[in-house]
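The structure appears below as structure tokens.
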Amino acid sequence: MAQSIEARTPFLDKEVVKTVFTTAPELREAQLSKGWIKEIAKTYLPEAIIHRKKKGFNYPYLEWLQSSNELEIIQRVQKKHKIFNETQLEWLLSEGKQGRFQHQIFSLYLLCRWIERKFG
């Protein structure tokens with residue numbers, strides 16, 4: 001984890017966070033299992049939610065990039081440096097418009113930002 005970004009958002013409710021920070025530090029540092037969270041949640045949530053399998057949280061970064069025209073940087077870098085297979089690039093970007101390959105397109109976007117900043 002030393003070379004990555006932690007992008008989890010498990011507790012978005014301000015009241016939950018405030019309550020946790022008002023509890024005694026010894027309780028917070030006790031390295032308890034997640035079982036106590038599930039026990040508390042039973043009061044508020046259905047069993048189906050409490051015991052469901054883990055599910056990823058997807059950030060809508062591709063939608064953000066598309067709405068702000070940031071993806072144009074990929075075309076600019078391609079036009080200037082010709083480093084990608086043109087047919088494959090067009091295919092990937094058209095698939096992205098249909099909601100596919102979001103992680104790959106985001107990685108490509110980051111690479112192109114770096115190339116543009118480093119090499120112009």
inquiry  = Ring-plane angle category for F119 and H81, please: parallel below 30°, perpendicular beyond 60°, tilted otherwise.
reply    = perpendicular

task = Taking all non-hydrogen atoms of both residues into account, name the closest pair between T87 and N85 and its distance.
result = N-OD1, 3.0 Å

task = Decide yes or no on side-chain contact (heavy atoms from CB on, under 4.5 Å) for L93 and Q75, but give the supporting numbers first.
result = CA-CA 10 Å; L93 293 176; Q75 297 293 354; 3.2 Å; yes

key: Atom pair CG/NE2 of L62 and H103 - distance to nearest 0.5 Å   = 10.0 Å

task = Report yes if some heavy atom in the side chain of Q102 is under 4.5 Å from a heavy atom in the side chain of F106; otherwise report no.
result = no

inquiry  = Nearest 0.5 angstrom please: L71 CG to R76 CZ, how far?
reply    = 10.5 Å

ask   = Do F101 and W91 have their ring centres less than 6.0 Å from each other?
value = yes

ask   = Distance-only, no hydrogens or angles: does the Q78 side chain make a donor-acceptor pair with backbone N or O of F84 under 3.5 Å?
value = yes

task = Identify the two heavy atoms, one from G96 and one from I105, that lie closest to each other, and give their separation to 0.1 Å.
result = CA-CD1, 3.3 Å

request  = Can you measure from CD1 (I40) to NZ (K38) and round to the nearest 0.5 angstrom?
outcome  = 13.0 Å

message = Ignoring hydrogens, what is the shortest heavy-atom contact between L108 and L89? Give both atom names and the distance.
response = CD2-CD1, 3.6 Å

query = To the nearest 0.5 Å, what is the distance between CD1 (I73) and CG (L111)?
reply = 9.5 Å

note = Rounding to 0.5 Å, atoms CD1 (I74) and CD (E90) come to a distance of 10.5 Å

task = Determine, stepwise, if the pair E39 / K42 fulfils salt bridge (charged side-chain N to carboxylate O under 4.0 Å, His left out).
result = CA-CA 5 Å; E39 285 300 315; K42 285 180 183 178; 3.1 Å; yes

